[in-house]
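A single structure is presented below for examination.
Worth saying up front: this structure is predicted, and the values here are computed from it rather than measured. The figures that follow rest on heavy atoms only: side chains count, while hydrogens, waters and symmetry mates do not. Residues take their numbers from the sequence shown, with the count starting at 1.
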Amino acid sequence: MPLALLALAVGAFGIGTTEFVMMGLLPNVADDLHISIPTAGHLVSAYALGVVIGAPLLAAVTAKLPRRRVLIGLMALFVVGNAVSAAAPDYHWLMAARFLSGLPHGAFFGVGAVVATGLVGPERKARSVSLMFLGLTVANVVGVPVATLMGQQLGWRATFLAVSAIGLAAIAALAMLVPADHGHGENAGLRGELRALGSLPVWLALGTTVAGFGALFAAYSYVTPMLTDSAGFAEASVTLLLALFGVGATAGNLLGGRLADHSLRGTLFGGLGALVLVLLLFPVLMRAEWSAAVGVALLGMAAFTTGSPLQLMVMEKAAAAPSLASSANQAAFNLANAGGAWIGGLALAAGFGVTSPAVAGAGLAVFGIGVAAVAYAVDRVAGPEASGRLVAEHVPSTPANAPHP
């Protein structure tokens, strides 16, 4: 695999760290800024809002620029956002800085996925996307726990300075490893990109992402009370158990990338089916400590097996606008985060028990299978041209001076 994928993974590692570390730092931020923890929780929402707005917007306005330059610019915006977070004098400044930090998130993954698939042959496209996403999953194993510990010991501002340093390292890696002439946009302008994004197959693919990852977040958003109230873990053990989730997600991400290069649809349906099974078993798995630990790892593995197939499927269905579609898929992922947590919360509020969000998540995953089945049926009706591996046909091939796998 090309070394350029390492540069993309470094950027993904920084983004994944800053996205999830705020959840562990909420008490520290609340104490320092003299606000309540629920108020501090809005900082998580501000970041997610930045992702949803920034993903399609920045991908669209940068569509005609060389992709290496776009990636470096997005990472520079990421560095600025985290540096401003570290220096924020009050809550309102920090809120604005978190929104700014979220803006480049989706576009970076979107443009990065197009670059990654363009650096390899058609038989390795899903694997290349999974290697970029490897930085995101490893962030949950290493980056978030270390950054949280740093924030607790040195202050939360030190965490965001460290994340800014990771962003600078990513900029250096992108400048050195991503080919300079790779990915000049061949597109029909903004109207053409929006037209390509507006087709039914694209929206079905995005809907599968929302339902599939909404199933994950319906359970994962409330996994801490499941582990403490049902499985009997002490609160101090939760951080280690969440690292197990990251290990499972990393394994699932790599497995999904490898399998999707052989059968994209099969991997997608298999991953969603495994997610349904794991979520339905959660009430049983959470009855003992050992089985709860296994369940958390299996949850990460099943969910992230679908990550690369979903990203590639969205790009295939909008082959004339792969960067915009790929970025929109990241916005869909964050909508899944918010929507899944809301649905899981409804199950809890209804008094169905501490593990009920997992069962609600299983229902969402079943719905995701249904959406994916409709997408498959639409492809069958449209003919082989619609259901083929369009990325291989429309994404620019590897340039002559690019590193080869």
query: Out of curiosity, Leu240 CG to Leu244 CG, how far, rounded to the nearest 0.5 Å?
result: 5.5 Å
- request: Flag the pair Leu242 / Tyr220 as yes when at least one side-chain heavy-atom distance between them is below 4.5 Å, and no otherwise.
  value: yes
- request: Kindly assign one of parallel, tilted or perpendicular to the pair Trp156 and Phe160, based on the angle between their ring planes and the thresholds 30° and 60°.
  value: perpendicular
query: With distance as the sole test, does Thr208 use its side chain to make a donor-acceptor pair with the main-chain N or O of Leu204 at under 3.5 Å?
result: yes
query: Could you walk me through whether His34 and Tyr91 pass the side-chain hydrogen bond (donor to acceptor under 3.5 Å, both in side chains) check?
result: CA-CA 9 Å; His34 308 293; Tyr91 169 73; over 6 Å; no
task: Indicate the atoms forming the closest heavy-atom contact of Gly361 with Ala215, along with that distance.
output: O-CB, 3.0 Å
- prompt: Is there side-chain contact between Leu136 and Phe109, with heavy atoms separated by less than 4.5 Å?
  reply: yes
field: Least distance between heavy atoms, Ala325 atom then Leu206 atom
entry: O-CD2, 4.5 Å
task: List the steps and the verdict of side-chain contact (heavy atoms from CB on, under 4.5 Å) for Tyr47 and Met22.
output: CA-CA 10 Å; Tyr47 184 93; Met22 179 57 75; over 6 Å; no
message: Check whether Thr228 reaches the backbone of Thr224 with its side chain - one donor and one acceptor, N or O, closer than 3.5 Å.
response: yes
statement: Leu299 and Ala219 have their tightest heavy-atom pair at CD2-CB, 4.5 Å
- request: Answer yes or no: is there a side-chain heavy-atom contact under 4.5 Å between Tyr376 and Val371?
  value: no
query: Which value, rounded to the nearest 0.5 Å, describes the distance between Leu259 atom CG and Thr306 atom OG1?
result: 12.0 Å
task: Take Thr18 and Arg98 through the side-chain hydrogen bond (donor to acceptor under 3.5 Å, both in side chains) test and state the conclusion after the steps.
output: CA-CA 9 Å; Thr18 202; Arg98 287 295 290 171; 3.3 Å; yes
message: For the backbone of Leu134 and the side chain of Thr137, can you confirm whether one donor and one acceptor N or O come within less than 3.5 Å of each other?
response: yes
query: Does the side-chain hydrogen bond (donor to acceptor under 3.5 Å, both in side chains) test come out yes or no for Asn329 and Thr209, once each step is laid out?
result: CA-CA 7 Å; Asn329 194 49; Thr209 296; 2.7 Å; yes
- prompt: Got a second to check how far Leu177's CG is from Leu6's CG, nearest 0.5 Å?
  reply: 6.5 Å
query: So, does Ser263 use its side chain to make a donor-acceptor pair with the main chain of Ala260 at under 3.5 Å?
result: no
Ser36 (side chain) donor-acceptor with Thr39 (main chain) under 3.5 angstrom: yes
query: Are side-chain heavy atoms of Val70 and Phe108 found at a separation under 4.5 Å?
result: no
- prompt: Atom CG of Leu49 and atom CE of Met95: how far apart are they, to the nearest 0.5 Å?
  reply: 10.0 Å
field: Met75 side chain reached by Ile15 side chain, heavy atoms, under 4.5 Å
entry: yes
field: Leu254 side chain near Leu131 side chain, heavy-atom distance below 4.5 Å
entry: yes
message: Please determine whether ring pair (Phe, Tyr, Trp, His ring centres under 6.0 Å) holds for the pair Phe217 and Tyr222, giving the CA-CA distance in whole Å, both sets of side-chain angles, and the decisive distance to 0.1 Å.
response: CA-CA 8 Å; Phe217 286 111; Tyr222 304 98; over 10 Å; no
field: Any donor-acceptor pair under 3.5 Å from Asp261 side chain to Ala126 backbone
entry: yes
query: How about Asn82 and Leu161: do any of their side-chain heavy atoms sit closer than 4.5 Å?
result: no
message: Show, in sequence, the C-alpha distance, side-chain angles and deciding distance for Phe213 and Phe304, and conclude whether the ring pair (Phe, Tyr, Trp, His ring centres under 6.0 Å) test is met.
response: CA-CA 9 Å; Phe213 275 93; Phe304 278 86; 5.6 Å; yes
field: Ser308 versus Asn253, closest heavy-atom pair with distance
entry: OG-OD1, 3.7 Å
- request: For Ala302 and Val278, work out which heavy atoms get closest and say how close.
  value: CB-CG2, 4.4 Å
query: Between the side chain of Arg124 and the main-chain N/O of Arg258, is any donor-acceptor distance below 3.5 Å?
result: no
message: As an exercise, state the distance from CD of Gln311 to CE of Met313, rounded to the nearest 0.5 Å.
response: 11.0 Å
message: Taking Met286's backbone N and O only, do any of them form a donor-acceptor pair with Ser230's side chain (distance below 3.5 Å, no angle check)?
response: yes
query: Would a distance-only check, ignoring hydrogens and angles, find a side-chain to backbone donor-acceptor pair under 3.5 Å from Ser164 to Ala83?
result: yes
task: Could you check if a side-chain atom of Glu19 sits within less than 4.5 angstrom of a side-chain atom of Val51, using non-hydrogen atoms only?
output: no
query: Can the ring centroids of His105 and Phe78 be said to lie less than 6.0 angstrom from one another?
result: no
query: In Å and rounded to the nearest 0.5 Å, what is the CG to CE distance from Leu119 to Met132?
result: 11.0 Å
- prompt: With distance as the sole test, does Thr117 use its side chain to make a donor-acceptor pair with the main-chain N or O of Lys125 at under 3.5 Å?
  reply: no
Shortest non-hydrogen contact between Ser221 and Ala341, atoms and distance: OG-CB, 3.4 Å
